[in-house]
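Some notes on the structure that comes next.
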Number of protein chains: 2
Amino acid sequence: MTNYLNVTNGTMPKTFSPPPGQDWSVLSRTCPSRTSLARIANKWTAMVITVLADGPQRFGDLRTALDGISGKVLTETLRDLERDGMLIRTAYAEIPPRVEYELTPLGRTLIEPLAVLVRWAEQHIPEVLAARDAYDDR
Amino acid sequence: MTNYLNVTNGTMPKTFSPPPGQDWSVLSRTCPSRTSLARIANKWTAMVITVLADGPQRFGDLRTALDGISGKVLTETLRDLERDGMLIRTAYAEIPPRVEYELTPLGRTLIEPLAVLVRWAEQHIPEVLAARDAYDDR
DNA sequence: GGTAATTGGTCACTAATCGTAAGTATTGGA
DNA sequence: TCCAATACTTACGATTAGTGACCAATTACC
């Protein structure tokens, strides 16, 4: 198996460039990729991006589609994704306000990887539930 | 684009079986798959599973490999993954104690999906950092 | 004219989760 | 005797998630 993670690399320079001959690794505490991993490996991120895969959506649409998310958390999630270049926020100067969110090309590269996780969660419910019951019974 | 998420499905019965003719959806607040998604779409889960992809590892090995994780958080992450059937914990009755963690077949099905996320984070550092700088500058 | 509805938020607050630093148990070895 | 080693616990503080109230500005309705 390919060693994507450079498991043997324990140190990291203070400046933000990879060590010579090595790539960044999320396993290094100070690597910027760890922040990115934390952002994309996140349930709300996965849900937002998968919903936005169908095209631009308004704030209220997202809030309805994501059944149970609070306005505050949705706002924060969207702002973080916008900041990291994964979506664009477009506010129209209308009353009542209208704001649309749309994936960028960078954001679209996450659709399929995150859809895989979503499908995994949906398809392995019986196995996970069974394992959980077995664990709790002992 | 395939509608993996049954976006139109807003309701969910109290009993835990899918509505007739429909599959579970992580978008439904009460769907068990949402709990699973929260577990697997998680930075520590992604890192633990990707490290365990190389074979069984001891607690201390994982802690070293995951540079920066605390013992408590590693313990909790491992216990949750064990409970959901993704890894097996084997404790040897020795002094000092030795405990090994190994992926189950179910856990191994997550290696590749999570490795994709890890690679995404590592490969898109420049784009993300640039987007972040641009956002913060306006 | 007065009042409610609409939309995309913000604010203050509480609850839950994450993370840190220290401690525990056991035994072999200096 | 005291320390090292290992895999946790526990107590605590910090960060994050979630809730409910409120807001601005216009249109629709009575």
Side-chain angles (χ1 to χ4, degrees), chain A residues 26-31 34-48 51-52 56-84 87-102 135 138, chain B residues 26-31 34-48 51-52 56-84 87-102 135 138:
Chain A
V26 292
L27 291 185
S28 293
R29 189 174 7 199
T30 54
C31 179
R34 192 179 275 195
T35 310
S36 285
L37 181 65
R39 174 132 306 132
I40 64 178
N42 168 280
K43 72 172 168 175
W44 293 127
T45 295
M47 291 168 67
V48 165
V51 169
L52 285 180
Q57 307 270 336
R58 299 180 59 175
F59 185 88
D61 297 336
L62 286 167
R63 197 173 173 177
T64 303
L66 267 52
D67 186 28
I69 195 172
S70 71
K72 178 193 157 205
V73 172
L74 180 55
T75 299
E76 288 168 355
T77 303
L78 290 170
R79 232 198 320 262
D80 287 344
L81 290 174
E82 186 194 7
R83 187 165 102 100
D84 281 3
L87 57 81
I88 297 166
R89 175 184 187 274
T90 311
Y92 298 91
E94 300 171 1
I95 298 293
R98 181 163 64 98
V99 180
E100 281 197 342
Y101 293 91
E102 184 175 13
Y135 183 94
R138 40 175 235 197
Chain B
V26 290
L27 292 186
S28 293
R29 186 174 10 197
T30 55
C31 180
R34 191 178 276 193
T35 310
S36 286
L37 181 65
R39 173 133 306 130
I40 65 178
N42 170 280
K43 74 173 167 174
W44 293 127
T45 295
M47 292 168 66
V48 164
V51 169
L52 284 180
Q57 309 270 334
R58 297 182 58 177
F59 184 89
D61 297 335
L62 286 167
R63 195 171 177 182
T64 303
L66 267 50
D67 186 29
I69 196 171
S70 70
K72 177 196 159 203
V73 172
L74 181 54
T75 299
E76 288 170 353
T77 302
L78 291 169
R79 229 197 324 261
D80 287 344
L81 290 175
E82 185 195 7
R83 187 166 103 100
D84 282 2
L87 57 79
I88 297 167
R89 175 184 186 274
T90 311
Y92 298 90
E94 300 171 1
I95 298 291
R98 180 164 64 98
V99 180
E100 279 196 344
Y101 294 91
E102 184 176 12
Y135 184 95
R138 37 174 238 197

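Worth knowing before you read on, the calculation uses all heavy atoms, side chains too, and leaves out hydrogens, waters and symmetry mates. In what follows, chains carry the letters A, B, and so on, assigned in the order in which the sequence lines appear, proteins first and then strands, with residues in each chain numbered from 1.
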Say whether, by atom type as modelled, one donor and one acceptor occur between the side chain of B:Thr77 and the main chain of B:Thr45 under 3.5 angstrom.
no
Of all heavy-atom pairs linking A:Val26 and B:Met47, the shortest is O-CE, 3.6 Å
Contiguous pairing runs of three or more, Watson-Crick or G-U under 3.5 Å, that involve DNA chain D
C:1-30 with D:1-30
CG of A:Leu74 versus C1' of C:dG8: gap in Å, rounded?
10 Å
Heavy-atom side-chain proximity of A:Leu62 to A:Leu78 below 4.5 angstrom:
yes
Nearest heavy atoms of A:Leu52 and A:Tyr101, plus distance in Å:
CD2-O, 3.4 Å
Check whether B:Ser70 reaches the backbone of B:Val73 with its side chain - one donor and one acceptor, N or O, closer than 3.5 Å.
yes
Once each nucleotide of nucleotides 3-21 of chain D is scored for protein heavy atoms under 4.0 Å, what B/S/- sequence comes out, 5' to 3'?
--BBSSBBB-----BBB--
Could you tell me if B:Arg63 sits above the aromatic ring of B:Phe59, with its cationic atom closer than 6.0 Å to the ring centre and no more than 45 degrees from the axis?
no
Between B:Arg34 (side chain) and B:Leu27 (backbone), is there a donor-acceptor pair under 3.5 Å?
yes
Charged N to carboxylate O under 4.0 angstrom, A:Glu82 versus A:Arg39?
no
